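Heads up, the thing below is written out as structure tokens.
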Number of protein chains: 2
Amino acid sequence: MKKDSTLPPPTLERLARLYVLLGKLQNLGLQAISSKRLSELLGVPDHTIRKDLSFLKEGQGIEPFAEKEKAGVGKPGSGVGRGYPLESLRLLIGARLGLTHPRTACLVGLGNLGVAILNRRIWQEGVYRLVAAFDLSENRLELLSTKIPLYHARELERVVRNYRIEIGILTVPPEAAQETADRLVHAGIRGIINFAPVVLTVKSNRVVVRNVSLAGELNILSAYLYQQEEETHG
Amino acid sequence: MKKDSTLPPPTLERLARLYVLLGKLQNLGLQAISSKRLSELLGVPDHTIRKDLSFLKEGQGIEPFAEKEKAGVGKPGSGVGRGYPLESLRLLIGARLGLTHPRTACLVGLGNLGVAILNRRIWQEGVYRLVAAFDLSENRLELLSTKIPLYHARELERVVRNYRIEIGILTVPPEAAQETADRLVHAGIRGIINFAPVVLTVKSNRVVVRNVSLAGELNILSAYLYQQEEETHG
DNA sequence: CAATAATTGTGAAAAATTTCACAGTAAGGA
DNA sequence: TCCTTACTGTGAAATTTTTCACAATTATTG
């Protein structure tokens, strides 16, 4: 049991977002950044960021170098260039989260939301490969102009199997969501990001599901606002 | 300090999602449901659900009824109708999260994603009122056919102020996201749901921000998959 | 070159959250 | 009526996660 290799879920999720942020900062031409600055950008306390980062060096050295163990990622001290070097930090997080080799994904449902996702720049960046997109409407498939290969939904299982697609992004109408998810799972998908406004049930506990729900977000936001209101007055 | 009124954040977020689920189950004509069944549907352990629900009755009785205090929400025992009555449970959660009076929202950016959100059924359900949608393109504004009032982006501040809009949903291109957020905050918005692929910085800590990020979700999913892979082999 | 300022890294303490385990409750059947 | 079954509700224990506090480190300034 390589228990060491599993990160605390909150840490994993923060690192995953930090990874995205670091990429953007790099594109801005920045070289290094402090935990304090990251803290402001991410809305997470600086000590939490440092603690999260401390998980990166577990099991890095294969041999137990008794001394010099303390090789941290960041450079202490004041002045320019102090803090965490963007590039190497990003690389390290990527390695720890398994973001180094590209994953294959497919998109199911080419309504407005699907097309929005189809056109995202992320597919040009090389970390994720959108190798297929599906829709029921032949018309829709013909009208869309894109480099991503488009298929009719009836081809779903075949294509997912053939290309060993790992991640499915669900942007179908709510009525179709559960059935589509079942088909994806049946075809061997490993993870689903669900944008349809339904609560998916997936039997297999090998499949990771992330629900992205506008209604959920609205409710969470409202609840926080309500708590603010309570605090302020009675 | 009404400390009792703030829920633990994980509980708050689970209840917010549970609220959505309960609505859907009600539409299915169901009357009651057990924590076990909810557990399967939500992917959250049943005891966690029961614990979350136990926060609902804090401070319900204004007078400290020393006896009969234990008035729970759900009905124990076997047979049909046991478990939590859908309707009253949903009402109770709604009351606790402040979901009883409708909140006003606006949508900024009418690209594919914006239009997808514009057309969601949630705006017909009465809990949230989408009172305005904005875009830069006059053309776009004319072409769209919807009951939601559409405005040119230059009207943003005026409309947000006038209607005292509480929640802003950001679906603008990444380049415009930060500036738009600043304008919303300046106009007195209280919460932002950001769908643009940027990390927003909002100074005011009175404004609640929820970032919905495809890249983030993909990274989180991949990281979980990677951990699975690690577990399986060496 | 010494003092200063800004920053990391981390054990240990504190706080928050989840899990456990079981007493209590009520329907339905024997 | 009494037993069985299927639930809830919850203190207390266990676990996880966050926070704290400070020693260690290094560019920069006086």
Side-chain angles (χ1 to χ4, degrees), chain A residues 3-4 6-15 18 30-58 60-61 65 67-86 88-89 92-93 96 227, chain B residues 3-4 6-15 18 30-40 42-58 60-61 65 67-86 88-89 92-93 227:
Chain A
K3 198 59 176 306
D4 303 319
T6 69
L7 294 163
T11 293
L12 183 150
E13 306 201 359
R14 283 189 301 258
L15 286 178
L18 178 55
L30 224 52
Q31 297 288 320
I33 191 166
S34 71
S35 57
K36 182 138 162 268
R37 194 79 192 70
L38 287 174
S39 161
E40 290 158 4
L41 258 26
L42 241 44
V44 167
D46 56 346
H47 50 249
T48 301
I49 289 173
R50 291 201 300 278
K51 187 56 122 185
D52 285 347
L53 260 26
S54 78
F55 287 93
L56 293 179
K57 53 182 180 305
E58 266 177 33
Q60 238 192 339
F65 285 115
E67 16 188 16
K68 208 68 197 287
E69 192 78 75
K70 241 183 158 178
V73 191
K75 288 189 187 165
S78 60
V80 287
R82 295 302 84 187
Y84 300 93
L86 247 41
S88 56
L89 179 58
L92 220 54
I93 295 177
R96 191 63 164 78
Q227 290 198 347
Chain B
K3 198 63 176 303
D4 304 318
T6 68
L7 295 163
T11 293
L12 183 150
E13 305 201 359
R14 282 189 302 259
L15 287 178
L18 178 55
L30 224 51
Q31 297 289 320
I33 191 165
S34 70
S35 57
K36 184 140 161 264
R37 193 81 192 64
L38 287 174
S39 160
E40 291 157 4
L42 242 43
V44 167
D46 56 346
H47 50 248
T48 301
I49 289 174
R50 292 202 297 281
K51 187 56 124 186
D52 285 346
L53 260 26
S54 79
F55 287 93
L56 293 179
K57 53 182 178 307
E58 264 177 35
Q60 238 192 341
F65 285 116
E67 17 187 18
K68 212 61 195 295
E69 192 79 72
K70 240 184 159 176
V73 192
K75 289 187 186 167
S78 60
V80 287
R82 296 299 88 186
Y84 300 93
L86 247 41
S88 56
L89 180 57
L92 220 53
I93 295 176
Q227 290 198 347

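Bear in mind the structure is a predicted one, so any value in this text is a computation, not a measurement. Chain identifiers are assigned alphabetically (A, B, ...) following the order of the sequence lines, protein sequences preceding nucleic acid strands; residue numbering begins at 1 within each chain.
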Inset, instruction - Measure the distance from NZ on K51(B) to C1' on dT19(C) and round it to the nearest whole Å. - result: 9 Å
Inset, instruction - Take the protein atom CD of E40(B) and the nucleotide atom P of dA6(D), then report the distance between them rounded to whole Å. - result: 14 Å
Inset, instruction - Answer yes or no: does a side-chain N or O of T11(B) lie under 4.0 Å from OP1 or OP2 of dT17(C)? - result: no
Inset, instruction - Give the rounded distance in Å between these two atoms: CG of D46(B) and P of dA21(C). - result: 13 Å
Inset, instruction - Could you tell me whether the side chain of R82(B) and the main chain of P76(B) form a donor-acceptor pair under 3.5 Å? - result: yes
Inset, instruction - Answer with yes or no whether K57(B) presents, from its side chain, a donor or acceptor under 3.5 Å of a partner atom in the base of dG9(D). - result: no
Inset, instruction - Examine dC7(D): is either OP1 or OP2 under 4.0 Å from a nitrogen or oxygen in the side chain of S35(B)? Give yes or no. - result: no
Inset, instruction - Please state whether the phosphate of dG11(C), meaning OP1 or OP2, lies under 4.0 angstrom from any side-chain nitrogen or oxygen of R50(A). - result: no
Legend entry - d(CZ, R14(B); C1', dT19(C)) in whole Å: 12 Å
Inset, instruction - Let me know the distance between CZ of F55(B) and C1' of dT8(D), rounded to the nearest Å. - result: 16 Å
Inset, instruction - May I have the distance from E13(A) (atom CD) to dT17(D) (atom C1'), rounded to whole angstrom? - result: 13 Å
Legend entry - Spacing of CG belonging to L7(B) relative to CG belonging to D52(B), to within rounding of 0.5 Å: 9.0 Å
Inset, instruction - Return the 5'-most residue of the pair K75(A), P10(A) with respect to DNA chain D, ranking by each residue's nearest nucleotide. - result: P10(A)
Legend entry - For S35(B), the option from H47(B), R50(B), K51(B) that meets side chain to side chain donor-acceptor pair (under 3.5 Å): R50(B)
Inset, instruction - For dG9(C), take OP1 and OP2 only and decide whether either is under 4.0 Å from a side-chain N or O of Y84(A). - result: yes
Inset, instruction - Quick one: pull up OG1 in T11(B) and CD1 in I49(B) and give me the separation to the nearest 0.5 Å. - result: 11.5 Å
Legend entry - Nucleotide dC20(D), atom C1' - distance to NE2 of H47(A) in whole Å: 8 Å
Inset, instruction - Please state how far atom CG in L92(A) lies from atom P in dG9(C), giving the value in whole angstrom units. - result: 10 Å
